[in-house]
Amino acid sequence: MADSLNVPPQSQATDSLLRRLAGPSTTKAGLATDQTDINRVIAEASKGSKFYENEKRKDKDLTKKIERILKQRDEARKGVDIAHVEHSVDQLVRSPRSCIESRYNLSHQLAKMEAQRDLSQIIVHVDMDAFYANVELLDNPRLKGTIFAVGHGVLTTASYEARKFGIRSGMPEYIAKKLYPDLVVLPCNFGRYSEMSKKVMDIFRRYDPNMCAASVDEGYLNITHYCEEHVLTAEECVQQMRQTVEMETRLTVSAGIAPNKMLAKICSDRNKPNGQFKLDFNPQAVKAFMQDLSIRKVPGIGRVNERLLESIGIRTCGDIYTHRAALSLMDKQFGLHYLLQTYLGIASNHVEPYHRDERKSIGAERTFSAISEKEKIFKKLEEVAAELEDDMENRGWTGKTVTLKYKLDTYKVYTRAKSFDRWISTKKEDLFAIGKELLLPELPLRIRLIGLRVTKLKDLREDADSKPGGIKRFFESTSASSSPRKKRKVDVHQDEGPRLSQDGYEEAMPGFHDEDEEELEDEDDIDYLEHPPGGKPISSASTFATPVASGSKMSSKPTSMSRLTAKRDFSTGPSRSTSPEKPSPSKHCTKPPSRAAEPGGEVQSQICPICSRTMEMDNTAFNAHIDFCLSKGAIMEAQVEASSSSNSRRSTSVRPSPRKHGPSKKLLRRGRGR
DNA sequence: GCGGATCAC
DNA sequence: TATGGTGATCCGC
């Protein structure tokens, strides 16, 4: 098949490098006409920088990878009857019954594809328009008409006027100013954004109390019930909802209405800003919609996967079907199942709020001007350790694995991890010590970023909440009425009603979260390495007493990268990440930032607007706390906690388990696993 | 379990 | 002069 070979690899690479430099949001948010010009300016401004060189390296690696894939594909095609392969795939997609004879043994999942298409739920994706920028506009109307952006160093948001000049989020400020020298750049004002976010989300929750806030400015709703109850069409409902938001907050929101989350998300982009788009709820319309849709619009397909797919001739979702034979032959690399689902426009339609126990990791990292001195590096490490301690302590987490991350001044990133068989101490000294141990064998280095992350988490707050509590537990003995605790996971077989879940494939997967057994063991495993409530933290020395595995082997190994993927969820659950940009240098700075002389004043009881906790402290400390809360992903979490109390309405135990529900875990062959 | 990578926001 | 931070997930070892 020569059709996919007609792309000169050379110019393709150049092109892709330009696109790479242009930033991730280029393709997603359909841009102006002279994007080529803009890309040229960006490339020129970048040229020669270490960042640029690193992008070039990545691009070259990708080109090599593509060459390998094409070779593999051609190899796989030899002696294969393409028509026969295509026919097999057709059966998989179209007639479930005949799948039984499939030589791919995918029948039991694939048979569900078209047959299980569920059009019964009205899913809405809501997306605030240029959220940060519009909040700024709200607070300062004089900005109207000016070309401005929010952030510093790197932009987090560009106003719509600024976008016309090619200015986008994620773009370094100095490049943005090359595109438009008079650009006004405002500092982030997270407190305001989160405040407004809460207001907006509260409005959304009137339409679906069970909605899922996917980030500060985005969410998914299931309005099926609301529409029935109020006898509204989906469009009327969403129209009304958007009007209400604008009326009550003066902020505009765009929305997509579709039978599942993936489609809804794509649709919300269709009439942005301040518009909505509804997809017809029938298989033909959905498939027609997908047919010419750029594969890049599919959530989870980024620049890399776009290029990989493009290399075998797939640019639109319709092309997936055209090239089904190649994809089938290279299922391992591309994930046929996921792509076919995408082609059909089938994905998850489950909407539920974020819950604490979905969290998998917690971490902190910091970028600075490159340094090589050991002492300075350790100092930075100490600072992130302190931040991480605060974060974990404040939010009630511990874990078993610590991962060190560092980025060389060449922008190459490395990680080194170490696991323990006990819950680690979250004291900064201990986190620091672990990080140091991981870092030491790597030195000397010249780095521009350092970070620590803890995984294999244990929720300490859950203990506090659902257990009778500390000591008492020992006295209560095991009467019949012992606390149910964790059993949340076990009950619940069905949501309300017979609704399908689209991702039956995924749901059918047993043991999706391996935490089950672990948590069960841990029930009685109260001997945290952590200081038990009231106890003392264990010293770093003893922390190191029982490592389970050691990371840090040898260092660099630029070698292999034999993988290629293309799938992944789109909205695999809420990401709490609130925003980029400098997490303010609040507390734990060794040197107090010049934060103007705040009297501080007397200690008093205050309630943090972000995490809702009551605290006894003076104003200075309180402000520092707020900075801290805002600087991390705390916003979403706080919102969720705040809302969960008010939303007991139609789902109290509607959570089968802390599971995601994206279109598919990821391709992957059938079964078992995970 | 570890390390490299991709992706979203 | 100069390109973020948090979190999730996947693949190949």
Side-chain angles (χ1 to χ4, degrees), chain A residues 21 23-25 28 42 45-46 48-52 54-55 58 61-62 65 127 131 151-157 169-178 188 214-218 265 298-306 308 332-333 335 358-367 369 384 387 391 400-401 403-405 407 411-419 448-449 451 453 455-456 548-553 555-583 631-634 636 660 662 665-668 674:
Chain A
L21 289 167
S25 48
K28 294 279 192 201
I42 295 173
S46 303
S49 68
K50 297 205 161 121
F51 178 84
Y52 176 85
N54 187 247
E55 292 301 303
K58 287 197 287 188
D61 287 353
L62 187 52
K65 188 177 189 169
D127 194 340
F131 186 52
H152 64 282
V154 174
L155 306 179
T156 64
T157 315
S169 66
M171 179 176 279
E173 189 176 333
Y174 83 96
I175 287 185
K177 287 194 166 153
K178 282 209 157 81
C188 292
S215 74
V216 249
D217 66 344
E218 236 182 89
K265 174 145 172 99
V298 176
I301 307 240
R303 285 171 297 171
V304 170
N305 286 320
E306 177 190 31
L308 289 178
K332 194 85 177 291
Q333 289 95 333
E358 292 175 50
R359 181 184 275 268
K360 304 279 189 304
S361 77
I362 183 166
E365 66 188 55
R366 191 72 51 232
T367 292
S369 51
V384 296
E387 278 189 48
D391 209 354
K400 281 184 177 170
T401 299
T403 302
L404 170 80
K405 170 180 174 182
K407 189 192 284 180
Y411 286 87
K412 219 167 174 334
V413 175
Y414 297 88
T415 60
R416 295 290 179 267
K418 181 180 172 97
S419 293
R448 67 180 339 271
L449 170 147
R453 178 162 299 274
T455 52
K456 303 217 72 181
V548 152
S550 90
S552 48
K553 295 264 160 90
S555 47
S556 47
K557 185 181 56 169
T559 60
S560 77
M561 45 128 236
S562 53
R563 110 179 183 335
L564 12 140
T565 61
K567 34 285 172 141
R568 207 179 184 300
D569 274 17
F570 56 110
S571 76
T572 126
S575 81
R576 288 145 303 295
S577 92
T578 173
S579 104
E581 261 336 75
K582 313 286 185 179
S631 65
K632 299 298 178 75
M636 295 318 306
K660 302 304 191 301
K665 172 100 271 84
K666 169 53 179 220
L667 65 169
L668 249 309
R674 312 216 46 72

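First the proteins, then the strands, lettered A, B, ... as listed; each starts at 1. Keep in mind the model is a prediction, meaning the values are calculated, not measured.
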The ring pair (Phe, Tyr, Trp, His ring centres under 6.0 Å) partners of A/Phe51 (sequence neighbours excluded) come to A/Tyr411

Show your reasoning for whether side chain to side chain contact (heavy atoms under 4.5 Å, CB included) applies to A/Lys407 and A/Glu365.
CA-CA 10 Å; A/Lys407 189 192 284 180; A/Glu365 66 188 55; over 6 Å; no

Separation of C/dG4 atom C1' from A/Tyr411 atom OH, nearest Å, is 10 Å

Strictly below 4.0 Å: does A/Arg416 bring a side-chain N or O up to OP1 or OP2 of B/dG4?
yes

Value in whole Å for how far the P atom of B/dG4 lies from NZ of A/Lys407
14 Å

Taking any heavy-atom pair under 4.0 Å as a contact, classify A/Ser49: base, sugar-phosphate, or nothing.
base

d(CZ, A/Arg453; P, C/dA8) in whole Å:
7 Å

Between B/dC2 and A/Ser419, is there an OP1 or OP2 to side-chain N/O distance shorter than 4.0 Å?
yes

Figure out the CG/P separation between A/Leu62 and B/dG4, and round it to whole Å.
18 Å

Do the charged groups of A/Arg303 and A/Glu306 touch, with an N to O distance under 4.0 Å?
no

Write down the distance between CD (A/Glu55) and P (B/dA5), rounded to a whole number of angstrom.
13 Å

Nearest-neighbour nucleotide for the A/Ala364 side chain, C/dG7, C/dT6, C/dA2 considered
C/dT6

Could you say whether A/Ser361 or A/Leu449 is positioned toward the 5' end of DNA chain C, judged by the nucleotide with the nearest heavy atom to each?
A/Leu449

Rounded to whole Å, how long is the line connecting atom CZ of A/Arg366 with atom C1' of C/dG5?
7 Å

Output, in order, the C-alpha distance, side-chain angles, deciding distance and verdict of side chain to side chain contact (heavy atoms under 4.5 Å, CB included) for A/Leu404 and A/Thr415.
CA-CA 5 Å; A/Leu404 170 80; A/Thr415 60; over 6 Å; no

Give A/Tyr52 one of three labels, base, sugar-phosphate or nothing, depending on what nucleic acid heavy atoms sit under 4.0 Å from its own.
nothing

So what does A/Ile362 hit on the nucleic acid, given a heavy-atom distance under 4.0 Å: a base, only sugar-phosphate, or nothing?
sugar-phosphate

Is any side-chain N or O of A/Lys456 closer than 4.0 Å to OP1 or OP2 of B/dG1?
yes

Once you apply a heavy-atom cut-off of 4.0 Å, does A/Ser46 come out as touching a base, just sugar-phosphate, or nothing?
base

Could you check which of B/dG3, B/dT6, B/dG4 has an atom nearest any side-chain atom of A/Ala417?
B/dG3

B/dT6 phosphate, OP1 or OP2, under 4.0 Å from A/Arg303 side-chain N/O
no

A/Lys412 has an atom NZ; how far is it from atom P of B/dG3, in whole Å?
14 Å

Does C/dT3 have OP1 or OP2 under 4.0 Å away from a side-chain N or O of A/Arg448?
yes

Spacing between A/Lys360 atom NZ and C/dC10 atom P, to the nearest angstrom
10 Å

